[in-house]
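Letters A, B, ... are given to chains in the order of the sequence lines, protein chains preceding strands, and every chain is numbered from 1.
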Number of protein chains: 2
Amino acid sequence: MDEGNIISILKKHELRVTDCRRDVLHYFIDSGHALSTRELEETFGQYDRVTLYRTLNAFTEKGVIHSIPDSSGFARYGACHDTCGPGTHRHDHVHFKCEECGKIECIPSEQVPMVNLPGYTISESNLILAGTCEACNTLPQQSVSQ
Amino acid sequence: MDEGNIISILKKHELRVTDCRRDVLHYFIDSGHALSTRELEETFGQYDRVTLYRTLNAFTEKGVIHSIPDSSGFARYGACHDTCGPGTHRHDHVHFKCEECGKIECIPSEQVPMVNLPGYTISESNLILAGTCEACNTLPQQSVSQ
DNA sequence: TATTTTATGCAAATATGTTGCATCTATAGA
DNA sequence: TCTATAGATGCAACATATTTGCATAAAATA
């Protein structure tokens, strides 16, 4: 994606355009998988850890990215769909976590089923799948990166 | 649940019966919601933090409890169904997280849908719902405890 | 360009989770 | 019931993750 689009996404979400935010958003959109804070720290050593954390929080609050439920205890994030905005966040996602390579992919095509729970209000619905991804099923054993 | 049942559950899962394990398992079974490590530390101040972490890991390995995917970045745990054991863990769960009171409930009756992803092997399937629970929908505003 | 609002970097604090080791205890067997 | 032993506990220390305060720098607005 080109710089113009990156900038317009930031502005649309009421975020000031800074180097850090441009670089991080670029990376989110171009990488096909969900990102851990660890991976972001390693990728963007030029920015302070604190700045990266604040960037992630700002992006999450404004609906640019969403945090992904994970039982490993580390926060993970993925880029939101175009339809997400400050007040119009689309709250249903399907994610697949590969136990071999550790990568989490967003599966956009699948529909998260609606569940009926009388008395409850459901605003968000996340389906988390885990197993072995296509690449790891095909290729020989890969190194595991949490 | 009475002490005899607690002890038999521990033994059935190849776990030595100790005070800490009895108390923690009791609490898991009697509380209707999923527990954070934070809540366990606060509840069981008489036991060392390390012991509680090791208890959680032992319970998880033996299939007494399961960790619950959560986007907040904290580990959460819930008691497993009767069908779970050291080698026979049921790897599909539905959980509901209330945004008001912060509690996570296990919804045992619902079926997690099977998703077809060609080339992928799916070994686990978790559906995470979020919104407002029945109690918070009925009662006036409650305090939020993460 | 001047002003204001917000982002950044650094230091430090807090939270979360693990490891090593000495000691104690639950369990099984004599 | 007593004893041996594998495993559980507590303590100290470590490792990593995340947040907060504050001074400075930069972006947006007029």
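Distance, Ile7(B) CD1 to dA26(C) P: 11 Å, rounded to whole Å. In this structure, Lys11(A) places its NZ atom 12 Å from P of dA27(D), rounding to the nearest Å. Remark: P of dT19(D) and CZ of Arg54(A) are 10 Å apart, rounded to the nearest angstrom. As a whole-Å value, the separation of Tyr47(A) OH from dC10(C) C1' is 17 Å. The separation between Leu40(B) atom CG and dT16(C) atom P is 12 Å, rounded to whole Å. One interatomic measurement links the two molecules: CZ of Arg76(B) to C1' of dT16(C), which rounds to 14 Å at whole-angstrom precision. One can place CZ of Phe44(A) at 13 Å from P of dT8(C), the figure rounded to the nearest angstrom. The CD-C1' distance, from Glu61(B) to dG7(D), rounds to 13 Å in whole Å.
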Produce the list of close N/O pairs, under 3.5 Å, pairing protein atoms with atoms of nucleotides 12-17 of chain D; give distances to one decimal.
residue	atom	partner	partner atom	Å
dA17(D)	OP1	Arg38(A)	NH2	3.3

Pull out every protein N or O sitting under 3.5 Å from an N or O of nucleotides 23-25 of chain C, one pair per line with the distance.
none

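Closest non-hydrogen pair, Ala79(B) versus His66(B), comes out as O-CE1, 3.4 Å. Pro118(B) approaches Glu134(A) most closely through the heavy-atom pair O-OE2, 4.1 Å.
No donor-acceptor pair closer than 3.5 Å links the side chain of Asp70(B) to the backbone N or O of Pro69(A). Although no hydrogens or angles enter the test, the distance criterion places a donor-acceptor pair under 3.5 Å between the side chain of Arg21(A) and the main chain of Arg16(A).
Judged as a side-chain contact (heavy atoms from CB on, under 4.5 Å), and not counting sequence neighbours, the contacts of Ala75(B) are Tyr77(B). Under the side-chain contact (heavy atoms from CB on, under 4.5 Å) criterion, Arg54(A) pairs with Val50(A), sequence neighbours left out. With sequence neighbours excluded, the residues forming a ring-ring contact (aromatic ring centres under 6.0 Å, His included) with Phe96(B) are Tyr120(A), listed by chain and number. Applying the side-chain contact (heavy atoms from CB on, under 4.5 Å) test to Tyr47(B) and every residue at least two apart in sequence or in another chain returns Asp19(B), Cys20(B), Asp23(B), Phe44(B), Leu52(B). Scanning for side-chain contact (heavy atoms from CB on, under 4.5 Å) contacts around Glu42(A) gives Arg38(A), with sequence neighbours left out. Under the side-chain hydrogen bond (donor to acceptor under 3.5 Å, both in side chains) criterion, Gln46(B) pairs with no residue at all, not counting sequence neighbours. Under the rule for a side-chain hydrogen bond (donor to acceptor under 3.5 Å, both in side chains), the partners of Glu39(A) that lie at least two apart in sequence or sit in another chain are Tyr27(A), His33(A). Taking Asn5(A) as the reference, nothing meets the side-chain hydrogen bond (donor to acceptor under 3.5 Å, both in side chains) condition, with sequence neighbours excluded.
If you check residues 17-24 of chain B against DNA chain D, the residues with a heavy atom closer than 4.0 Å are Thr18(B), Cys20(B), Arg21(B), listed by number.
In this model, the phosphate group of dG17(C) is not approached by any side-chain N or O of Asn57(B) to a distance below 4.0 Å at OP1 or OP2.
Side-chain contact annotation: Glu3(A) with His26(A), donor-acceptor N/O pair under 3.5 Å present.
Within the 4.5 Å cutoff, side-chain heavy atoms of Arg22(B) are placed close to those of Leu10(B).
Five base pairs at each end of the helix from dT1(C)-dA30(D) to dA30(C)-dT1(D) define two local axes, and these are offset by 50° (rounded to 10°).
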